[in-house]
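Shown next, in structure tokens, is the structure this report addresses.
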Amino acid sequence: MTFFKSFLASCLGIFVSVILLMLVFFIFLVSSSSQPLPDVKDNSVLTIEMTGNLPARVLPSPFETYFDPAAGNKLSLVTLKENLAKAAADDRIKGVWIKANLMSAPWANLEQAYDHLKEYKESGKFLYFSTDDIGMNEQSYYLATVADSVFSPPYTNFEFDGFISQFTFYTDMLDKIGVEPEIFRVGKYKSAVEPFLETSASPESRQQISEILNAATSTFTEAVAAKTGRSVEEITELMNSAPVNRLETAHEFGLIDDLLFENEVEHLIKERVGLTKDYDLNRISFKKYGQIPAASAGVESPSTFDRIAVIYADGAIMPDLGTDNPLGSSGTITAENIQKQVNEALNSSSVKALVVHINSPGGSATTSDLIWNTLKTASEKKPVVASMGGVAASGGYYMAMGADTVVANANTITGSIGIFNLLFNVKELTEDKIGLDFEILKTHQYADLLDLTTPFTPAEGRVIQQNVENGYEVFLNRVAEARGMTRDEVHELAQGRVWTGSAAQEVGLVDEIGSIDDAIAIAAEMAGMEEYRIENYPKQKGLFEVLMSGTEAKVYSYLNSWFPFTSHEEVRNLRMLMNQPAGQNWMILPTEISIR
């Protein structure tokens, strides 16, 4: 039997080695063939497709990069800023045509994109927005308010009826399947556990979500008022009206400049650039234009070698359980990855300051503390500025407390200083509904503390609650130290409450309201830099490097990662909570805050 096991293991090893050699050979062939730069003709128009999310940065997998050299130029806030800056300076580009439909980006990201579009318009070149058979929603139309003109087909959708945030509750479902949530928390606003306890939102939860909704509404209506010349009151009245023939009403109201099909918009652009209808419009896509070097577009780069490292931390904060996808973004923030990127930046003599861009609803309390320590230690060597993206709450806010300065967008979801522990008693499910019986032998009183097949005793409940309260005290003290407050002053603002960036600044939880560009400027000033370059982290890995750095077990995970399972955001968050080590204390937002 041992012989056959060894034989099969050897065969598997040979098979994997052959697959690796074939992959390496194929990669060599692909990478050895040079890709010429795209040709940018005179009188060209940069076209941008805007739909779905608008992340701060996109880091494609090595496979994507090898098969598509332009994969790194996917639409993000980083690439949008770079391409618009090139388009503004490039004499070959006469204008920008953005085709948008339904967008789902966080409002903090939309604010930053809005600013990038405004900066581009200072060049004097035209900016047109149009839509298609899907139509625009409020998020996409918010960006369209910057444009010279906004066009729509005569018959399509146009959402202009306000914002909602939906709560989901699991209490009745858990009752039906025989699962009892065992929840320990601190703070009346820590509503992340409400979906497992209640069937409707608490007044505190409604209050904080209403404030976030109102902030987004204010940002939107002010932008629409600025475009149309109407008052905010008139805009609000229109949004409250029955959405019948909404597109026609929007046209009459001045929200849509003209009702045109795409070919008619193209004809209008031809006239704008001085072409007759017999000539084709020279278009260049966003991804292709991203391959054009900044210098060839007329953008001058700083002559200095000094750099500011911008570290992008995106996703839930999780312990490193060895489940990261090595071919691309894992969607999580781990202490190990942040430590690696921070050390790389600190060890570079050309890097003079660090900006950590945080987009995270939080996660593991202990992991958040490790990352806080990493940033705090780094701040003793070089200036560190935290830049908050769409959301930097709970553990995400905890991370930021390690920085010297904290910058948030006006609509950043932040704060949520609180902690909880979520466990499930499955006794009824396993014994009464499924028919499983359990018997436990233990050596000490609390050896079975985290066993989920029996309810917690009062003594066990007190132990877990005390651990949660201890974690909350650590959180309060970290914030108090960073913000120059007392523990009690922080406690009044904490208790799990969620704030917008603007409201958080008013109560002293953040230093400045601004974008990542503002955070970079602050970091440069702290480091005494007048000129600097930006160096983004994490850096792109080569596929050869990834494949050659793994064991056979990793190769299996690589191959498995080619077939990702993408589920709904709430399902992913539930799986995150359910799959982690029992007893883990959490600093995390409600299952999801989505303003749409």
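One distance of note links CD1 of I269 with OG1 of T47; it measures 9.5 Å at 0.5 Å rounding. In this structure, N536 CG and R307 CZ are separated by 11.0 Å, a value rounded to the nearest 0.5 Å. For the atom pair CG of N359 and CG of N109, the computed distance is 6.5 Å after rounding to the nearest 0.5 Å. How far CD1 of I520 is from CE of M529: 10.5 Å, rounded to the nearest 0.5 Å. The line from CZ of R533 to CD of E531 is 9.0 Å long, rounded to the nearest 0.5 Å. Taken from OG1 in T131 to CZ in F158, the straight-line distance is 9.0 Å, to the nearest 0.5 Å.
Looking at R497 and E211, a side-chain N of the basic residue comes within less than 4.0 Å of a carboxylate O on the acidic one, giving a salt bridge. Note on D39 versus K288: no salt bridge recorded, every NZ/NE/NH1/NH2 to OD/OE distance being 4.0 Å or above.
Residues that satisfy the side chain to side chain donor-acceptor pair (under 3.5 Å) test with S104, not counting sequence neighbours, are absent from this structure. Take F129 and apply the ring pair (Phe, Tyr, Trp, His ring centres under 6.0 Å) test, not counting sequence neighbours, and it matches no residue. Applying the salt bridge (Lys or Arg N to Asp or Glu O under 4.0 Å) criterion to E234, with sequence neighbours excluded, gives R230. Applying the side-chain contact (heavy atoms from CB on, under 4.5 Å) rule to A113 yields the partners L54, L77, L80, L143; only residues at least two apart in sequence or on another chain are considered.
Between the side chains of T405 and D511, no donor-acceptor pair is found at a separation under 3.5 Å. Side-chain contact annotation: S130 with W97, donor-acceptor N/O pair under 3.5 Å present. For the 3.5 Å distance criterion, the side chains of S360 and D314 fail to qualify, holding no donor opposite an acceptor. If you check the side chains of N214 and T217, you find no donor sitting under 3.5 Å from an acceptor. Checked by atom type, the side-chain pair S218/E222 shows a donor-acceptor distance below 3.5 Å.
Identified under the ring-ring contact (aromatic ring centres under 6.0 Å, His included) test for residues 205-225, with sequence neighbours left out: F160-F220, F163-F220. Applying the salt bridge (Lys or Arg N to Asp or Glu O under 4.0 Å) test to every pair with at least one member in residues 90-103, sequence neighbours left out, gives these pairs: D90-R92, K99-E262.
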Could you walk me through whether Q207 and S210 pass the side-chain contact (heavy atoms from CB on, under 4.5 Å) check? CA-CA 5 Å; Q207 175 191 349; S210 293; 5.9 Å; no
When you look at S515 and N409, which way does the side chain to side chain donor-acceptor pair (under 3.5 Å) test go after all the steps? CA-CA 6 Å; S515 66; N409 284 281; 5.5 Å; no
Applying side-chain contact (heavy atoms from CB on, under 4.5 Å) to N157 and M136, what does each step give before you reach the verdict? CA-CA 7 Å; N157 302 299; M136 292 189 192; over 6 Å; no
R246 and E159: CA distance, side-chain angles, deciding distance, salt bridge (charged side-chain N to carboxylate O under 4.0 Å, His left out) verdict: CA-CA 8 Å; R246 181 64 91 198; E159 291 185 18; over 6 Å; no
Verify salt bridge (charged side-chain N to carboxylate O under 4.0 Å, His left out) between K81 and D115, making sure each step is shown before the conclusion. CA-CA 9 Å; K81 179 184 178 182; D115 290 340; over 6 Å; no
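Geometric assessment of K125 against the ring of Y120 yields a negative cation-pi assignment under the 6.0 Å and 45° thresholds.
Under the 6.0 Å cut-off for aromatic ring centres, Y312 and Y537 do not qualify, their centroids lying 6.0 Å or more apart.
Remark: side-chain polar atoms of E512 are not paired, donor with acceptor, to backbone N or O of A408 under 3.5 angstrom.
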